[in-house]
Amino acid sequence: MAQPLPKGGAAPVPKRVAPWPPVLRAFLWAGIGFVVLAAMAAWLDPSPVSPYLTAVGSVTGWFGALIGWLLGIGGYDYVVRPMMGYPTPRIRTSGWRRYFEYAVDHKVIGLQYLGASTGTFLIAGLIAMAMRFQLMNYRPTLFHYPQDYLNAVGIHGTLMMFTVATVAMVGGLGNYFVPLMIGARETMFPKASGLSIWLVPVGVLTVSMSPLLGQWSTGWRGYEPLAASDGSGLLYYYLGVFALTTSSLIVAINLTSTILFKRTKGMTWNRLPLFAWGILTVSLLNIIWLPEIQTTFILGMMDKVMPLNLFNVFGQPLGYEYLFWLFGHPEVYIVVIPALAIWNEIIPVMGRKSLFARPIAVLGLVFVMLLSGMVWAHHMFTMMRFSEMLPFSFFTEMISIPTGFAYLAVIGTLWNSRLRLTTPTLLVLMSMFNFLIGGLTGLFLADVPANLQLHNTFFVVGHFHFTIIGGMVFSWMAAMYYWLPKFSGRTYSEFWGKLGAIWVFIAFNATFLNFFILGLHGMNRWVSAYPKYLQPENFWTSIAAYLLGAGFGINIIHIVWAWVKGPKVKENPWGAKTLEWQTTSPPPAKNFEELPVVVGSFYTYGKDVPDPVMFPVAQERAPGS
């Protein structure tokens with residue numbers, strides 16, 4: 001029926017239909033993609049056991065869901081249609097909704113990565129709390145079957161290693177600050193970067209929901225041939241990690257090319273900020289090793305679906321372990337190197353002293369990258385011949401030397417400095433202490449006789465957490481407090497910042513120092529039931545773990561509050577010299593009104609030291625110039 005004309009004879013104005021929110025559209029398209037490809041697989045390869053969803057169908061359906069998700073979130077509007085000649089729609093540049101949509105601004109993408117990492121950190125932390133509740137008693141309580149506990153351990157470890165540890169520093173802080181630090185207006189591949197972040201929720205949801213298809217008891221490593229006895233949920237472990245590592249690989253390629261080709265005038269390699277050096281070395285490690293672990297997981301998945309008899313008794317039972325740890329130990333340095341770089345960024349600023357032995361610190365980062373692929377087999381000393389152990393034991397101890405370069409550069413900078421004991425400073429010093437404990441206990445595990453006694457005990461778990469959580473997470477917190485004025489133009493409360501830092505430091509050490517004692521007393525990892533004599537130590541360790549979780553919660557709440565409601569602060573409250581502090585806070589869309597020119601070192605302090613940054617046009621316009 002025709003609409004009646006309004007008074008005055010004017011034509012009716014059609015109602016504007018609001019577009020679907022991209023996230024809702026992405027979920028819808030993902031569901032359609034899953035159903036279509038899973039149905040095709042069931043039709044081509046029917047199974048009398050499961051006529052609607054087979055193992056092959058769950059894999060092909062997942063790829064259909066992935067394609068639908070990426071197209072729905074923005075890939076169709078901003079990538080596919082422009083390739084066919086259609087105009088590119090306007091991308092939202094302000095408001096909170098932009099963080100839930102496709103973006104090409106590296107700062108928005110960096111904050112999306114930080115939000116995803118923080119959310120995943122909370123999920124993995126809650127799982128850890130459940131694990132510690134189980135271990136308060138020597139008999140099964142919360143997890144009544146070993147497979148339930150092992151599945152929780154696997155999800156916790158996978159989310160922490162492949163989402164929090166690798167994504168927060170490189171995807172989050174790297175995306176946000178590297179272009180600012182090198183004087184670039186954008187990254188090299190902004191459209192690919194805009195899609196890469198949306199692989200993270202895919203990976204997190206895939207791993208978290210994997211038990212719905214069947215439990216898996218291999219832990220975060222997916223060990224074969226143990227995996228052959230697990231359910232189809234293991235397929236989604238492989239696929240979830242594949243999505244997460246693909247996201248990290250895109251970030252690595254984007255940031256590496258940005259550092260190589262987008263540096264501003266005067267930004268030579270000798271002047272490149274330490275954090276940019278750290279991100280460059282980590283990105284190169286990701287480019288080298290992520291395809292290797294992706295290939296390993298694809299082979300493991302194919303071996304389970306087809307099967308190919310690659311890693312079972314008819315193939316090479318230890319082949320998977322070799323391939324996994326070939327990536328697994330470079331992964332540790334992928335996590336740690338940005339932490340070392342952050343130490344060397346914050347301490348010279350807070351100490352008002354020139355960075356000690358800067359070239360040696362840079363060489364330390366580079367040589368850690370080069371040696372990281374030569375130490376992996378110490379994870380398998382219990383399964384190797386003695387003749388094979390010596391070279392890996394040697395390189396495991398050798399890699400402590402370049403690591404020490406970056407460490408000693410901070411010590412040299414602290415010597416006779418005028419150190420301001422701010423919250424970022426405190427967290428860096430705590431991170432250094434924790435990492436030192438992790439490194440010293442690592443020497444025991446590099447020694448073959450000690451390793452054979454300590455292998456598969458809580459001593460190894462304690463060493464691992466002191467290195468990863470104690471080194472990386474504390475540095476991540478230091479960076480968030482340090483760069484909070486740049487993110488938001490606001491600052492935090494020093495009282496609450498220092499209280500939160502001291503809280504997590506004491507609770508962290510109370511938790512994980514006990515792990516060394518438990519390991520020496522015979523507490524094995526990967527078990528939910530243990531000898532009764534270990535219960536008192538496990539009980540108090542769990543209490544400390546709950547306090548640690550509360551401490552992390554206090555810091556997260558404080559940072560969010562300061563971001564939104566904290567007191568406003570001047571553009572460069574720390575008096576830092578690197579380029580990210582030479583623009584407004586928060587930075588504008590294109591980072592700089594005028595591209596800076598670098599004329600000196602960012603880490604030189606003292607009397608009559610010239611400014612390392614120039615803005616030629618602004619200086620020409622200045623009165624009297």
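Scope of the values below: all heavy atoms of this structure, side chains included, with no hydrogens, waters or symmetry mates. The first residue of the sequence shown is numbered 1, and numbering continues consecutively from there.
Side-chain atoms of Tyr113 and Ser196 form a donor-acceptor pair, as typed in the model, at a separation below 3.5 Å. Residues Thr246 and Gln294 have side chains that bring a donor and an acceptor to within less than 3.5 angstrom of each other.
The shortest side-chain heavy-atom distance between Leu199 and Leu195 does not fall under the 4.5 Å cut-off. Under the 4.5 Å side-chain criterion, counting only non-hydrogen atoms from C-beta, Leu323 is in contact with Phe311. Under the 4.5 Å side-chain criterion, counting only non-hydrogen atoms from C-beta, Leu159 is not in contact with Trp220. Contact of the Phe63 side chain with the Leu239 side chain is registered, since non-hydrogen atoms from C-beta on lie closer than 4.5 Å. Contact annotation: the side chain of Phe435 approaches that of Thr467 to within less than 4.5 Å [non-hydrogen atoms, C-beta and beyond]. You'll find the side chain of Val207 stays beyond 4.5 Å of the side chain of Phe162, heavy atoms only. Within the 4.5 Å cutoff, the side chain of Leu499 has no heavy atoms near those of the Ile554 side chain.
A distance of 6.0 Å or more separates the ring centres of His463 and Phe459. Aromatic rings of Tyr237 and Phe297 (six-membered ring for Trp) have centroids within the 6.0 Å cut-off, being under it. Ring pair Trp343/Tyr407: centre-to-centre distance below 6.0 Å. For Trp563 and Tyr492, the gap between ring centers reaches or exceeds 6.0 Å. Between Trp376 and Phe395, the ring centre distance reaches or exceeds 6.0 Å.
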Audit row: Phe433, Asn509, side-chain contact (heavy atoms from CB on, under 4.5 Å) steps and yes/no = CA-CA 10 Å; Phe433 175 85; Asn509 280 272; 3.5 Å; yes
Please lay out, stage by stage, how Gln316 and Leu310 fare under the test side-chain contact (heavy atoms from CB on, under 4.5 Å).
-> CA-CA 6 Å; Gln316 174 56 266; Leu310 294 174; over 6 Å; no
Just do the side-chain contact (heavy atoms from CB on, under 4.5 Å) check on Tyr320 and Leu299 with the steps written out, would you?
-> CA-CA 9 Å; Tyr320 180 92; Leu299 291 175; over 6 Å; no
Derivation of the side chain to side chain donor-acceptor pair (under 3.5 Å) call for Tyr481 and Asn555 = CA-CA 10 Å; Tyr481 279 110; Asn555 279 280; 2.9 Å; yes
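Residue Asn434 holds its CG atom at 10.5 Å from CD1 of Ile469, rounded to the nearest 0.5 Å.
Evaluation of the ring pair (Phe, Tyr, Trp, His ring centres under 6.0 Å) test over residues 518-544, restricted to residues two or more places apart or in two chains, returns none.
For Phe508, the ring pair (Phe, Tyr, Trp, His ring centres under 6.0 Å) criterion is met by Phe466, Phe474, Phe512, not counting sequence neighbours. Residues satisfying the side-chain contact (heavy atoms from CB on, under 4.5 Å) criterion with Gln147, sequence neighbours excluded, are Tyr145, Gln215.
More than 12 heavy atoms of other residues, nucleotides or ligands shown are found within 6.0 angstrom of OH on Tyr223. Annotation for Tyr546: atom OH counts as buried by contact number, over 12 foreign heavy atoms lying within 6.0 Å.
Between Phe392 and Met374, the shortest heavy-atom distance links the atoms CD2-O, 3.4 Å.
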